[in-house]
Number of protein chains: 2
Amino acid sequence: MNNVIENPTLMANAEALRQNARDASQMLKAMSHPDRLMLLCQLADGAERSVSELEELTDLHQPSLSQQIGVLRREGLIEGRRDGKHMFYRVADARALAILQTLYEQFCGAP
Amino acid sequence: MNNVIENPTLMANAEALRQNARDASQMLKAMSHPDRLMLLCQLADGAERSVSELEELTDLHQPSLSQQIGVLRREGLIEGRRDGKHMFYRVADARALAILQTLYEQFCGAP
DNA sequence: GCGACAATATACATTATTTTATTATGAATA
DNA sequence: TATTCATAATAAAATAATGTATATTGTCGC
């Protein structure tokens, strides 16, 4: 009788956990691309960067870069602001920022 | 002259950053799958779980479950130990554990 | 040790879906 | 008109989902 399947409370929790896992995995998926992660890293300090600045890091064609930026934007990870001819982007999701910080500690931390 | 492209130190840092981003994105990719993330969540406390236990959470066919476990194993995120007929898995990468903890805080934390 | 069963892993094939690169074009602003 | 950025369209490539079959390893009863 102590079975997860037969316990409605645990069932609900399991379902909530599953939903959280779906949300989280969707965000991770958006981040789990080398170029997109590089872009996010440039924004990980919370500051804004223009597309031109971001372009310097990746060696992507301009449309590809714009496309990757579009993915991050549609997933709500970043938001843009226009200033004259330039677009400035920043990380717009606190959860993403927290993950980026952990990634920095774990992958770029001191040896 | 204050150009990133022409500064060898920054160049080296950029290349190191790129490599870190590649490493990190590879790990994120392994985690960015709802079923695999659910599996990892079950192991996020550092404890071991048998495949049978893990199976209760996902509604995957056995071969599919085994395949996802295989992905995590090949990426080095988990390691297994055999005990009789059962295999017990645990998270085998401290970086993954740190990320999982952050995910828990951000996606399962109190409102 | 042998046969039967249980738990897990692997192999493979198939189909569907995603991702990526490329080229071209469009819109906003200076 | 030149810059900066975004979008569209599309073809190629990679990845994922699913199902079936089979292999491996171990247990237990004999």
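In the text below, chain A, chain B and the rest are named by the order of the sequence lines, each starting its count at 1.
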Ranking B/Gly70 and A/Gln68 by the position along DNA chain C of their nearest nucleotide, the one closer to 5' is B/Gly70

Show each protein N/O and nucleotides 22-30 of chain C N/O combination with a separation under 3.5 Å, one pair to a line.
none

Please state how far atom CD in A/Glu56 lies from atom C1' in D/dT4, giving the value in whole angstrom units.
15 Å

Mind checking side-chain hydrogen bond (donor to acceptor under 3.5 Å, both in side chains) for B/Arg81 and listing every partner two or more places apart, or none if nothing turns up?
B/Glu48

Less than 4.0 angstrom between a side-chain N/O of A/His33 and OP1 or OP2 of C/dT19, yes or no?
no

Residue pairs, two or more places apart or on separate chains, that pass salt bridge (charged side-chain N to carboxylate O under 4.0 Å, His left out) and touch residues 90-101 of chain B
B/Glu79-B/Arg90, B/Asp93-B/Arg95

Are B/Arg73 and C/dT10 close enough that a side-chain N or O sits under 4.0 Å from OP1 or OP2?
yes

Closest-nucleotide mapping onto DNA chain C: is B/Met87 or A/Asp35 further toward the 5' terminus? I mean the 5' end.
B/Met87

Is there a side-chain polar atom (N or O) of B/Ser50 under 4.0 Å from OP1 or OP2 of C/dA7?
no

Show me the pairs that pass salt bridge (charged side-chain N to carboxylate O under 4.0 Å, His left out) and involve residues 64-74 of chain B, at least two apart or across chains.
none

Check nucleotides 12-15 of chain D for protein N or O atoms closer than 3.5 Å to its own N or O atoms and list the pairs.
none

B/Tyr89, nearest nucleotide to its side chain (from D/dC5, C/dA7, C/dA9):
C/dA9

Just so I know, are the side chains of B/Leu103 and A/Asn20 near enough to count as touching, which here means a heavy-atom distance under 4.5 Å?
no

Nearest-angstrom distance from the residue atom CD1 of A/Ile69 to C1' of D/dC5:
9 Å

Rounded to the nearest 0.5 Å, what separation is found between the CZ atom of B/Phe107 and the CG atom of B/Leu100?
12.0 Å

Side-chain N,O (B/Ser66) to OP1/OP2 (C/dT10) below 4.0 Å:
no

Quick one: bend of the helix from C/dG1-D/dC30 to C/dA30-D/dT1 from 5 pairs per end, to 10°?
40°

Over 12 non-hydrogen atoms of neighbours within 6.0 angstrom of CD in A/Gln19
yes

Does any non-hydrogen side-chain atom of B/Met31 lie less than 4.5 Å from one of A/Ser25?
no

